[in-house]
Amino acid sequence: MRQDNLSYRAIKEGMMAKPGSSSEARKSIYLIDDDPVFRRWLHGELTDFELTVWPFGSAADFLEYAPTAAPAPIIIDLRMPEMDGLELLQELRNRGIGWPVLMSTAHADIRAAVSAMQLGAVDFLEKPFATKALLDLVEVAFDSMGDQASALEKELIAFRNLSRLTDREREVAIHLSHGLSNKEVARQFEISPRTVEAHRSSIFSKLEIKSIAELVRMLFAANVVKP
């Protein structure tokens, strides 16, 4: 591994606490950049503001560590050998890692900036950038982490509630969320409207809701249906 002082190798050997562990009180951030001079500079800058920086010299190094990594914002260099920043960001998204990303580059590239934003990057920083500008965006990234945690909590609660339903009740709930009437749902399943009404009553009781609007919000939260 081609790493500097606070390195991936040190993390693997257990020489440091992982981000998010009980012994790690400060906020953490990952830095992936193939330039060791830039990594050391940024490490020093962010450490001065009570952030713990976990540096990686390549996309491959971070991807090897990612399965055991605790959620934290990520700063990714756009231009790296073997796998560039956009390719890394796409791979992270493919793996279901949606942590906030700040993309950095020494070369202005509007097309790359647009692609990064489409993949959910928080922002795009052109090197050299002022520490204050970076810190402002890091704060936005940490706020985003809070939003993600809240969304995940809502999703887990919604999944737990929906697990109370039978398969047929779940199917009926989805059809009702699409705005179909009891008669229309009955035709879909070739059952009587009275049976649909019974399913509807059971759904509302199990989910502890009183309206279709509440049902829709719960299905959206669980990603069962899309807005």
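Reckoned from all heavy atoms, side chains included, excluding hydrogens, waters and symmetry mates.
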S.K.: Counting C-beta onward and ignoring hydrogens, is there a side-chain heavy-atom pair between Asp34 and Ser58 closer than 4.5 Å?
M.R.: no
S.K.: To the nearest 0.5 angstrom, please state how far the OG atom of Ser104 sits from the CD atom of Glu126.
M.R.: 11.0 Å
S.K.: Counting distance only, does the side-chain N/O of Thr47 pair as donor-acceptor with the main-chain N or O of Gly44 below 3.5 Å?
M.R.: no
S.K.: Nearest heavy-atom pair of Ile32 and Ala59: which atoms, and what distance?
M.R.: CG2-N, 3.9 Å
S.K.: When you compare the side chain of Asp77 with that of Met103, does any pair of heavy atoms fall below 4.5 Å?
M.R.: no
S.K.: Do any N or O atoms from the side chain of Ser201 and from the backbone of Ala198 form a donor-acceptor pair under 3.5 angstrom?
M.R.: no
S.K.: Compare every heavy atom of Arg93 with every heavy atom of Ala121, then report the nearest pair and how far apart it is.
M.R.: N-NH2, 4.4 Å
S.K.: Taking Ser181's backbone N and O only, do any of them form a donor-acceptor pair with Glu184's side chain (distance below 3.5 Å, no angle check)?
M.R.: yes
S.K.: How many angstroms lie between atom NE2 of His199 and atom CG of Asn182, to the nearest 0.5 angstrom?
M.R.: 11.0 Å
S.K.: Mind listing the closest non-hydrogen atom pair of Ser28 and Pro73 along with its distance?
M.R.: O-CD, 3.6 Å
S.K.: Does the side chain of Leu88 come within less than 4.5 Å of Asp84's, by heavy atoms?
M.R.: no
S.K.: Output the distance between atom CZ (Phe62) and atom CD (Glu91), rounded to the nearest 0.5 Å.
M.R.: 11.5 Å
S.K.: Check step by step if side chain to side chain contact (heavy atoms under 4.5 Å, CB included) holds for His175 and Val196.
M.R.: CA-CA 11 Å; His175 280 71; Val196 174; over 6 Å; no
S.K.: Can you tell if the side chain of Leu46 reaches within under 4.5 Å of the side chain of Leu135, non-hydrogen atoms only?
M.R.: yes
S.K.: Does any N or O in the side chain of Glu190 come within less than 3.5 Å of the main-chain N or O of Arg187, such that one atom is a donor and the other an acceptor?
M.R.: no
S.K.: Should Leu31 and Phe56 count as side-chain neighbours, where that means a heavy-atom distance under 4.5 Å?
M.R.: no
S.K.: Inspect the contact between Arg168 and Glu171 and indicate whether a charged nitrogen and a carboxylate oxygen are less than 4.0 angstrom apart.
M.R.: yes
S.K.: Rounded to the nearest 0.5 Å, how far does CZ of Phe38 lie from CD of Glu45?
M.R.: 10.0 Å
S.K.: So Leu42 and Ile75, do their side chains get closer than 4.5 Å, heavy atoms only?
M.R.: yes
S.K.: Report the C-alpha distance between Ile29 and Ile74 in whole Å, list the side-chain angles of each, state the deciding distance to 0.1 Å, and finish with yes or no for side chain to side chain contact (heavy atoms under 4.5 Å, CB included).
M.R.: CA-CA 6 Å; Ile29 192 164; Ile74 312 171; over 6 Å; no
S.K.: Calculate, to the nearest 0.5 Å, the distance between atoms CE and CG belonging to Met218 and Leu207 respectively.
M.R.: 5.0 Å
S.K.: Can a cation-pi geometry be assigned to Lys27 and Phe142, taking NZ or CZ under 6.0 Å from the six-membered ring centre and within 45° of the ring axis?
M.R.: yes
S.K.: Is it true that a side-chain atom of Arg170 and a backbone atom of Leu165 form a donor plus acceptor pair closer than 3.5 Å?
M.R.: no
S.K.: Report the relative orientation of the aromatic rings in Trp99 and Tyr30; use parallel for angles under 30°, tilted for 30 to 60°, perpendicular for over 60°.
M.R.: parallel
S.K.: Verify the neighbour count for atom CG of Asp167: are there more than 12 heavy atoms of other residues, nucleotides or ligands below 6.0 Å?
M.R.: no
S.K.: Any salt bridge between Arg39 and Asp35, counting N to O under 4.0 Å?
M.R.: no
S.K.: Which distance, rounded to the nearest 0.5 Å, do you find between the CD of Glu87 and the CE of Met80?
M.R.: 9.0 Å
S.K.: For Thr166 and Lys206, run side chain to side chain contact (heavy atoms under 4.5 Å, CB included): C-alpha distance rounded to whole Å, both residues' side-chain angles, the deciding distance at 0.1 Å, then the answer.
M.R.: CA-CA 10 Å; Thr166 65; Lys206 288 181 178 180; 4.0 Å; yes
S.K.: With side chain to side chain contact (heavy atoms under 4.5 Å, CB included) as the test, would you mind laying out the steps for Val185 and Leu176 before giving the verdict?
M.R.: CA-CA 7 Å; Val185 174; Leu176 290 173; 3.9 Å; yes
S.K.: Can Ser205 and Ser202 be said to form a side-chain hydrogen bond (donor to acceptor under 3.5 Å, both in side chains), step by step?
M.R.: CA-CA 5 Å; Ser205 175; Ser202 178; over 6 Å; no
S.K.: Counting C-beta onward and ignoring hydrogens, is there a side-chain heavy-atom pair between Ile76 and Leu102 closer than 4.5 Å?
M.R.: no
